[in-house]
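What you see is a predicted model; the values in this text were computed from it and never measured.
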Amino acid sequence: MAETPLDRNPEILGGTPVFSCTRVPVRILIEHLEAGDRLDDFLEDYPTVSREQAIAVLRHAKTMLAGGKSEAVA
């Protein structure tokens, strides 16, 4: 994926991290997963988010939690 999967812009939802080119907060994906929903359930509910974006954000979170650096998200 050439572009970053998420964006932080103070003019979009007060700077809340959202999936790029959408107004869908990343926290919504986490909330779906915490509730036991599958990734496909989230993607059905938020069709403006691509599978590639969701997976890239999850990979970034995994890398950050493991103490590494991720170049996929700026």
Side-chain angles (χ1 to χ4, degrees):
M1 173 184 279
E3 59 188 56
T4 182
L6 65 86
D7 189 22
R8 266 191 159 159
N9 181 333
E11 298 195 19
I12 299 174
L13 298 177
T16 298
V18 297
F19 288 94
S20 292
C21 302
T22 77
R23 295 180 64 84
V24 179
V26 171
R27 71 174 165 72
I28 300 295
L29 170 60
I30 304 305
E31 290 170 1
H32 268 69
L33 297 175
E34 286 176 334
D37 294 340
R38 299 173 310 124
L39 178 58
D40 288 335
D41 297 328
F42 168 78
L43 295 171
E44 282 180 28
D45 289 346
Y46 297 92
T48 57
V49 177
S50 73
R51 176 174 296 280
E52 292 78 16
Q53 283 177 304
I55 290 171
V57 165
L58 291 171
R59 283 188 179 139
H60 172 69
K62 179 181 174 182
T63 299
M64 296 309 292
L65 289 171
K69 293 184 180 180
S70 175
E71 296 178 22
V73 179

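Cluster annotation: Val18 is not connected to Ile30 through the hydrophobic network of ILVMFWY side chains, with a link wherever side-chain heavy atoms come within less than 4.5 Å. Connection of Ile55 to Val26 is established within a shared hydrophobic cluster, with ILVMFWY side chains joined at heavy-atom distances below 4.5 Å, either directly or through further cluster members.
With rounding to the nearest 0.5 angstrom, the CG atom of Leu39 is 5.0 Å from the CZ atom of Arg51. Rounding to the nearest 0.5 Å places NE2 of His60 at 9.0 Å from CG of Leu65. The structure places CG of Asp40 at 11.0 Å from CG of Asp45, a figure rounded to the nearest 0.5 Å. Note: Gln53 CD to Leu43 CG = 9.5 Å, rounded to the nearest 0.5 Å.
His32 places a side-chain N or O within 3.5 Å of a backbone atom of Ile28 that can act as its donor or acceptor partner.
For the pair Val24 and Leu29, the minimum side-chain heavy-atom distance is 4.5 Å or more.
In terms of heavy atoms, Leu13 sits closest to Pro25 at CD1-CG, 3.8 Å. Across every non-hydrogen atom of Ser20 and Asp7, the tightest pair is OG-N, 3.9 Å. Listed here is the closest heavy atom pair of Val57 and Pro5: CG2-CB, 3.9 Å. For the pair Thr22 and Thr48, the tightest heavy-atom approach, listed with the atom from each and the gap, is CG2-O, 3.4 Å.
Counting only residues at least two apart or on different chains, no side-chain hydrogen bond (donor to acceptor under 3.5 Å, both in side chains) pair has a member in residues 9-18. Residue pairs meeting the salt bridge (Lys or Arg N to Asp or Glu O under 4.0 Å) criterion with at least one member in residues 15-28, sequence neighbours excluded, are Arg27-Glu31. A ring-ring contact (aromatic ring centres under 6.0 Å, His included) check over residues 7-30, counting only residues at least two apart or in different chains, returns the pairs Phe19-Phe42.
Under the side-chain hydrogen bond (donor to acceptor under 3.5 Å, both in side chains) criterion, Asp41 pairs with Arg38, sequence neighbours left out. Under the rule for a salt bridge (Lys or Arg N to Asp or Glu O under 4.0 Å), Arg8 has no partner lying at least two apart in sequence or in another chain. Residues that satisfy the side-chain hydrogen bond (donor to acceptor under 3.5 Å, both in side chains) test with Asp37, not counting sequence neighbours, are absent from this structure.
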